[in-house]
Amino acid sequence: MSGMVFDGESLITPEAIATEVGSAVGKPLAEQFAHAQARLALVLNIAKQQLENGRDPSQVIDRTAIELHHMRRSYRNGVWQALIPVVQGHPVSEFFLQDPFTRWSFEKPRGYSGDAQLLDFIYGHPSVAGAIAKASPLGRALYRYTYNASSSVAVRERRDLLAKQVDEIATARGKETEILAVACGHLREAEHSNSLREGRIDRWVALDQDPMSVGSIAREFQATSVEAVEGSVRGLLADAYSLGRFDFVYAAGLYDYLSHKVAVRLTQACLRMLKPNGTFLFANFADDISVDGYMETFMNWALLLRSEADMWNIINASVDRNTVEASVHFGSNRNVIYATLRKRA
């Protein structure tokens, strides 16, 4: 792993997320684990055989992802966590890792999960075209599946919804509109913002802990009102940056990696940075996405998935509900869930 630092500690890793997820479970029962391992071996061996025999890769990966989803739901008491390295060590992984999106996620070239370049595979951004072109025919076929997976569709919708909300707020607030994106990645939603393109935003602060992402934003948006700032959750919690006040603050992909306690503290920090009638939005992958098992195993991408009740728990622990107008809603395919808090004047 990279030697970079996140929030004064190691970067977000699958191990850290697994610790959070598995903190309340014990060691798997031997009999239950043996049963799960036998079921898993059948699934993975069939997938390997089918890929070797030239079966349609999209059908193979779809069936495998569905089986892993069901197994993730079926096994508790640490059994699923114990199965993850078994999947990753199976020979079929050599096939699935030919997908450049899956490989990038598994290998984590930037040292942590969910980096901006990973999201560019979801967006089909021109920056990843070379990696896709260099993939094997099997890899490109698998990428067509992972690109069109429900979770990827939801992330693209999230990008478009953010651009739309920025434009709506800029229209309502006028040219003095100020925006803050927390853990912004490459800020791809800005490429879809009419208000930014038309010069109707005074300031769009793009904050990220990854200097590579910050540098990319500084280059790509140098002629705009976007300000690229290197900073972390820890810095925000300590009010270390003197960023000012904003009409709209959002954290689109960060809460997937935050424990409830840290999520509450960050929500409070973001609400403090709002102007009167300002809006804070945070999003999270929902707790019933169908590719969760594939993501945690072959992609080595563990997330803290949340339910609607989990989102309300964060809101209710963060703020006096009399001071905000709050709502929680799902995206169109229910893979991403959004919380919106508008600060009353």
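Just so it is clear, the structure is predicted and the values come from calculations on it, not from any experiment. We use all heavy atoms of the structure for the numbers below, so side chains are in, but hydrogens, waters and symmetry mates are not.
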Show me the donor-acceptor pairs within less than 3.5 Å that the side chains of residues 263-272 make with the rest of the protein, sequence neighbours left out.
from: Thr267; atom 1: OG1; to: Tyr255; atom 2: OH; distance (Å): 2.8
from: Thr267; atom 1: OG1; to: Ala263; atom 2: O; distance (Å): 2.8
from: Gln268; atom 1: NE2; to: Ser318; atom 2: O; distance (Å): 3.2

Query raised in the report: Measuring from Arg234:CZ to Leu236:CG, what's the distance to the nearest 0.5 Å?
Result: 13.0 Å
**Report entry** Flag side-chain contact, heavy atom, 4.5 Å: Val86 against Gln37
**Finding:** yes
Query - Side-chain heavy-atom pair Arg158, Leu119 within 4.5 angstrom cut-off - result: yes
Query raised in the report: Under 6.0 Å between ring centres, would you say that holds for Phe282 and Phe280?
Result: yes
Query - Within-4.5 Å side-chain heavy-atom neighbours: Ser127 and Gln117 - result: yes
Query raised in the report: Do Thr297 and Gln88 have side-chain N/O donor and acceptor atoms under 3.5 Å apart?
Result: no
Query - Pair Asn335-Ser150, side-chain donor/acceptor within less than 3.5 Å - result: yes
Query - Heavy-atom donor-acceptor pair, Asn284 side chain to Tyr257 backbone, under 3.5 Å - result: no
**Report entry** Ser113 and Lys108: side chain donor to acceptor below 3.5 Å
**Finding:** yes
Query raised in the report: Yes or no on side-chain contact (heavy atoms from CB on, under 4.5 Å) for Glu227 and Ile217, after CA distance, side-chain angles and deciding distance?
Result: CA-CA 8 Å; Glu227 301 174 14; Ile217 292 170; over 6 Å; no
Report task. Would you verify whether the NZ or CZ of Arg156 falls within 45 degrees of the ring axis of Tyr147 while also being under 6.0 Å from that six-membered ring's centre? Result -> yes
**Report entry** Pair Thr323-Asp320, side-chain donor/acceptor within less than 3.5 Å
**Finding:** no
Query raised in the report: Under 30°, 30 to 60°, or over 60°: which ring-plane class applies to Trp301 and Phe101, parallel, tilted or perpendicular?
Result: perpendicular
Query raised in the report: Would Leu187 end up clustered with Val214 when hydrophobic side chains under 4.5 Å apart are linked, directly or stepwise?
Result: no
Report task. Over all heavy atoms of both residues, which pair between Asn333 and Ala154 is shortest? Give the atoms and the distance, please. Result -> OD1-CB, 3.5 Å
Query raised in the report: What are the two closest heavy atoms between Trp204 and Ala190, and how far apart are they?
Result: CH2-CA, 3.7 Å
Query raised in the report: Quick check: does any side chain N or O of Asp62 sit under 3.5 Å from a backbone N or O of Ser58, one acting as donor and the other as acceptor?
Result: no
Report summary line: Of Asp120, Asp208, Asp210, the one forming a salt bridge (Lys or Arg N to Asp or Glu O under 4.0 Å) with Arg110 is Asp210
Query raised in the report: Is there side-chain contact between Lys164 and Arg159, with heavy atoms separated by less than 4.5 Å?
Result: no
Query - Test item: side-chain donor near acceptor, His69 and Asp292, under 3.5 Å - result: yes
Query raised in the report: Is the shortest side-chain N to carboxylate O distance from Arg173 to Glu178 below 4.0 Å?
Result: no
Query - Side-chain touch Asp160/His192, heavy atoms, less than 4.5 angstrom - result: yes
Report task. State whether the number of non-hydrogen atoms from other residues, nucleotides or ligands found under 6.0 Å of Glu176 atom CD is greater than 12. Result -> no
Report task. Go through the steps for Asp310 and His260 under the test side chain to side chain donor-acceptor pair (under 3.5 Å), then give the verdict. Result -> CA-CA 9 Å; Asp310 293 331; His260 173 82; over 6 Å; no
Query raised in the report: Are Asp288 and Arg73 close enough for a salt bridge, meaning some N to O gap below 4.0 Å?
Result: yes
Report task. Could you please spell out the steps behind the side-chain contact (heavy atoms from CB on, under 4.5 Å) verdict for Leu304 and Asp256? Result -> CA-CA 5 Å; Leu304 294 176; Asp256 297 299; 5.8 Å; no
Report task. For the pair Asp167 (side chain) and Ser195 (backbone), establish whether a donor and an acceptor sit closer than 3.5 Å, ignoring hydrogens and angles. Result -> yes
Report task. Flag yes if more than 12 heavy atoms outside Glu107 fall under 6.0 Å of its CD atom; otherwise flag no. Result -> yes
**Report entry** Output field: ring centroids Phe96/Tyr294 closer than 6.0 Å
**Finding:** yes
Query raised in the report: So how far is it from Gln32 CD to Ser74 OG, rounded to the nearest 0.5 Å?
Result: 10.0 Å
Query raised in the report: Going only through I, L, V, M, F, W and Y residues with side-chain contacts under 4.5 Å, is there a path from Ile66 to Ile46?
Result: no
Requested in this report: Specify the closest pair of heavy atoms between Pro85 and Gln81, including all atoms of both residues, with the distance to one decimal.
Outcome: CD-O, 3.4 Å
Query - Hydrophobic cluster identity match, Leu138 and Trp104, side-chain contacts under 4.5 Å - result: yes
Query raised in the report: Okay, side chain of Tyr123, backbone of Leu118: is any donor-acceptor separation there less than 3.5 Å?
Result: no
Requested in this report: Could you go through the side-chain contact (heavy atoms from CB on, under 4.5 Å) check for Leu274 and Arg245 one step at a time?
Outcome: CA-CA 5 Å; Leu274 289 179; Arg245 296 294 179 264; over 6 Å; no
Query raised in the report: Under the side-chain contact (heavy atoms from CB on, under 4.5 Å) criterion, do Ile337 and Phe285 qualify, and how do the steps go?
Result: CA-CA 6 Å; Ile337 188 168; Phe285 272 119; over 6 Å; no
Query - Heavy-atom neighbours of His329 NE2 exceed 12 at 6.0 Å - result: yes
Requested in this report: Any chance you could measure Ile61, atom CD1, to Phe95, atom CZ, to the nearest 0.5 Å?
Outcome: 13.0 Å
Query raised in the report: Got Trp80 and Leu68 here, is their nearest side-chain heavy-atom distance under 4.5 Å?
Result: yes
Query raised in the report: Got a donor-acceptor contact below 3.5 angstrom from the Asp247 side chain to the Gly278 backbone?
Result: no
Query raised in the report: Any chain of hydrophobic side-chain contacts (each under 4.5 Å) joining Val79 to Leu42?
Result: no
Query - Pairwise distance CG(Asp99) to CZ(Arg144) - rounded to 0.5 angstrom - result: 10.5 Å
Report task. Please write out which residues are connected to Leu97 in a hydrophobic cluster, directly or through intermediates, given that two of Ile, Leu, Val, Met, Phe, Trp, Tyr count as joined at side-chain heavy-atom separations below 4.5 angstrom. Result -> Phe106
**Report entry** Donor-acceptor contact present, side-chain Ser216 to main-chain Met212, <3.5 Å
**Finding:** no
Requested in this report: Could you tell me whether a side-chain N or O of Arg342 sits under 3.5 Å from a main-chain N or O of Thr279, the two making a donor and an acceptor?
Outcome: no
Query raised in the report: Distance only, no hydrogens: is a donor on one side chain within 3.5 Å (strictly under) of an acceptor on the other, for Asn316 and Arg321?
Result: yes
**Report entry** Closest non-hydrogen atom pair between Thr224 and Phe221, with its separation
**Finding:** OG1-O, 2.8 Å
**Report entry** Short side-chain to backbone donor-acceptor contact, Ser152 and Thr146, under 3.5 Å
**Finding:** yes
Report task. Report yes or no: do Val153 and Met295 belong to one cluster of Ile/Leu/Val/Met/Phe/Trp/Tyr joined by side chain heavy-atom distances under 4.5 Å? Result -> no
Query raised in the report: Can you check whether Phe248 reaches Leu281 side chain to side chain, under 4.5 Å on heavy atoms?
Result: yes
Query raised in the report: Are Arg188 and Glu220 ion-paired here, with the side-chain N under 4.0 Å from a carboxylate O?
Result: yes
Query raised in the report: On the ring face of Phe330, is Arg334 found with NZ or CZ under 6.0 Å from the centre and within 45° of the axis?
Result: yes
Query raised in the report: Mind checking whether His125 and Glu191 have side chains closer than 4.5 Å, heavy atoms only?
Result: yes
Query raised in the report: Say you draw a straight line from OG of Ser93 to CG of Asn300; how long is it, rounded to the nearest 0.5 Å?
Result: 11.5 Å
Requested in this report: Answer with yes or no whether the side chains of Glu189 and Tyr250 bring together a donor and an acceptor at under 3.5 Å.
Outcome: yes
Query raised in the report: In Å and rounded to the nearest 0.5 Å, what is the CG to OG distance from Leu142 to Ser136?
Result: 7.5 Å
